[in-house]
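All values below were derived from every heavy atom in this structure, side-chain atoms included, with hydrogens, water molecules and symmetry-related copies excluded. Nothing fancy with the numbering, it's 1 onward along the sequence.
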Amino acid sequence: MDARETALLTLYDVFYRDSYSNLALRHRLSYADLGREDTALATSLVYGTVSRHFTLEYVIRQYSKVKLKKIDKYVKLILEIGIYQLVFMDKIPQSAAVNESVKLAKKYGRRGTDGFVNAVLRSFCRDGCVIKYPDDGTDRDLSVKYSYSEEMTSFFVKIFGVDRAKSIMDALNGVPPLMLRANALKTDAGELVSLLSERGIAAEIFKGHLVKADGFDIRASDLYRNGYFTVQDQGAYCASAVLCPKEGESVLDMCAAPGGKSTHMAELMRGTGTVIACDIHEHKIKLIDDAAARLGLSNIHTRLLDATEKRDRFLLQFDKVLCDVPCSGLGIIRRKPDIKLKKVDPDSLINIQSAILRNGADYLRPGGELVYSTCTIDPSENEGVTGSFLKEHRGYERVFEQTLYPDTDMSDGFYICKMIKKV
């Protein structure tokens, strides 16, 4: 099985079996036996095709005499993969993109569909592989150009206006920079840059606290295995940095997996005090335990629990609480393009987010500090939730509030609000 076939089967799982792209890809790669370059190609094809799905469908409509709904599922995906290579991958020759797509159609399509695939792709090539975007100034036009559903496009336009929506959607289509957080118990950002450079990896300090590095095989790195750094974006870094737990304090991370913020707080506490890291899924608890062990942190203690349920034993027990709640994920689309395929429904999350925030606040001691954070840029999940909480809970005061945006901050979209429980 080669890279393109692996990508095709993964995409079938995503679009027609409701799988998450990262999990489906990992499953397919586990038995595809691909080399490093083919693994990278399969990965690029999967995430790229998912991210540009709505644009690719538009191109198929322009060049196919068969209506989209009547095209065989495998054949439609083969066309999307082929068009993605022709438009968005500079290093793939046109002949390879077309010929390999035709081979896939012969294997996975009905009789004659290989000719159909060949005709569509070669017709597109004759037009220079240039997409003729619609330009009527409608949300549908933006949906095609930036490859979001019309519903999600309208959602962004309603919140941010047309020009800012374009800027944000374009940024969310980009490739996020690789950011590393130095383990403060073993090194610092400056030394980490030097250690990476010694290993031939270009890196630089970013905003004084993170390290921005060129891509490399993280898990094969001795520095990673020995706990010198954690991969963490600026937004996630800031959430725990703003809470800023001190040595010896008692801290609760209510929705902790995969453990980036819990381990950051444990490092800030210099391995002292206690970080209780909770999650609702047992397999994710293991991720936190593994991260703590790799980084050499003994002050993290994991708990399997549902953060929406009140825990009486936690009442008034913590100096600091982090509520990094489940959200729509609109700020991390460039990392999880599957989000583009989902229905925009923030209302279904707000009750969960509010319940977690209320519980977290009750677990604070008087004078304690709480951070509510999300990886979305939807105000209803952000200012809407914290604003409602503060109106109902006069004993809490907001002392910090910030939203990071992918188009202006070189960050995932991220919201952070810090509140203090008055004495």
Side-chain angles (χ1 to χ4, degrees), residues 22-23 26-27 29-30 178-189 191-196 198-199 201 203 209-211 213 215-241 243-307 311 313-314 317-324 326 335 371 373 375:
N22 62 327
L23 300 179
R26 187 185 308 161
H27 171 68
L29 288 173
S30 67
L178 176 61
M179 296 292 185
L180 311 177
R181 183 192 82 230
N183 181 352
L185 300 185
K186 296 187 176 184
T187 186
D188 57 34
E191 184 182 32
L192 181 58
V193 167
S194 298
L195 292 170
L196 290 167
E198 289 172 5
R199 289 156 177 80
I201 300 164
H209 47 249
L210 292 172
V211 170
F216 64 101
D217 189 345
I218 301 291
R219 296 191 178 279
S221 166
D222 64 313
L223 294 175
Y224 176 80
R225 292 194 304 271
N226 293 325
Y228 276 75
F229 68 84
T230 296
V231 178
Q232 188 173 49
D233 188 73
Q234 180 187 182
Y237 176 96
C238 288
S240 40
L243 187 57
C244 195
K246 304 294 192 297
E247 293 183 32
E249 289 188 325
S250 178
V251 179
L252 176 65
D253 188 348
M254 295 187 66
C255 308
K261 301 177 192 68
S262 290
T263 55
H264 185 199
M265 292 188 293
E267 290 168 16
L268 291 173
M269 296 160 66
R270 308 300 299 178
T272 67
T274 302
V275 177
I276 303 296
C278 309
D279 201 85
I280 195 172
H281 300 293
E282 189 166 0
H283 70 281
K284 291 187 176 181
I285 289 291
K286 185 177 184 305
L287 295 177
I288 304 170
D289 288 332
D290 289 347
R294 181 179 63 81
L295 295 165
L297 298 167
S298 60
N299 58 337
I300 295 178
H301 305 278
T302 51
R303 300 287 185 273
L304 181 66
L305 57 83
D306 184 344
R311 304 282 167 169
R313 69 179 184 275
F314 283 172
Q317 294 300 303
F318 296 94
D319 302 299
K320 305 280 173 69
V321 173
L322 176 62
C323 300
D324 185 54
R335 298 181 189 277
V371 161
S373 62
C375 56

Could you give the distance from CG (N299) to CE (M269), rounded to the nearest 0.5 Å? 5.5 Å
Note: P245 and K320 closest approach over all heavy atoms is CA-NZ, 3.6 Å
Are L297 and V275 packed together at the side-chain level, in the sense that at least one heavy-atom pair is separated by less than 4.5 angstrom? no
In sequence, state the C-alpha distance, the side-chain angles, and the governing distance for R181 and T263, and then conclude on side-chain contact (heavy atoms from CB on, under 4.5 Å). CA-CA 10 Å; R181 183 192 82 230; T263 55; 3.1 Å; yes
Can you see which heavy atom on L268 is nearest to which on C244, and at what distance? CD1-CA, 4.5 Å
Closest heavy-atom contact between A291 and P258? CB-O, 4.4 Å
Residues passing the side-chain hydrogen bond (donor to acceptor under 3.5 Å, both in side chains) test with D324, sequence neighbours excluded, are K261, S373
Any side-chain heavy atom of Y237 within less than 4.5 Å of one from M179? no
Please name all residues satisfying salt bridge (charged side-chain N to carboxylate O under 4.0 Å, His left out) with R294, sequence neighbours left out, ordered by chain then number. none
For the CZ atom of R303 and the CG atom of L252, what is their distance to the nearest 0.5 Å? 10.0 Å
Smallest heavy-atom separation, A182 atom then T187 atom, equals CB-CG2, 3.9 Å
Contact summary for E191 and D188, nearest pair of heavy atoms: N-OD1, 2.8 Å
Atom CD1 of I201 and atom OG of S221: how far apart are they, to the nearest 0.5 Å? 5.5 Å
Partner set under side-chain hydrogen bond (donor to acceptor under 3.5 Å, both in side chains) for N226, not counting sequence neighbours: none
side-chain hydrogen bond (donor to acceptor under 3.5 Å, both in side chains) with E247: which residues, sequence neighbours excluded? none
Pairwise distance CZ(R311) to CG(D306) - rounded to 0.5 angstrom: 7.0 Å
Please step through side-chain contact (heavy atoms from CB on, under 4.5 Å) for the pair V231 and L178, ending with a clear verdict. CA-CA 7 Å; V231 178; L178 176 61; 3.9 Å; yes
Relative to each other, are the rings of F229 and F216 parallel, tilted or perpendicular (30° and 60° limits)? perpendicular
Do F314 and L305 come within less than 4.5 Å of each other through their side chains, counting heavy atoms only? yes
side-chain contact (heavy atoms from CB on, under 4.5 Å) for I276 and F318? Distances and angles first, verdict last. CA-CA 10 Å; I276 303 296; F318 296 94; 3.8 Å; yes
Not counting sequence neighbours, list each pair that qualifies as a side-chain hydrogen bond (donor to acceptor under 3.5 Å, both in side chains) and has a residue in residues 272-284. none
Heavy atoms only: give me the nearest I288-A256 pair and the separation to one decimal. CD1-CB, 3.7 Å
Take a 6.0 Å sphere around NZ of K186 and say whether it holds more than 12 heavy atoms from other residues, nucleotides or ligands. yes
Report the C-alpha distance between L210 and Q234 in whole Å, list the side-chain angles of each, state the deciding distance to 0.1 Å, and finish with yes or no for side-chain contact (heavy atoms from CB on, under 4.5 Å). CA-CA 7 Å; L210 292 172; Q234 180 187 182; 4.0 Å; yes
Using a 3.5 Å distance criterion without hydrogens, assess whether the side chain of R270 forms a donor-acceptor pair with backbone atoms of A184. yes
So T230 and N183, do their side chains get closer than 4.5 Å, heavy atoms only? no
Exactly one of D290, I280, L304 should register a side chain to side chain contact (heavy atoms under 4.5 Å, CB included) with I285. Which one does? L304
Are I300 and L295 packed together at the side-chain level, in the sense that at least one heavy-atom pair is separated by less than 4.5 angstrom? no
From CD (E249) to CG (L243), nearest 0.5 Å: 8.5 Å
Under the side-chain hydrogen bond (donor to acceptor under 3.5 Å, both in side chains) test, residues paired with D289 that sit two or more places apart: T302
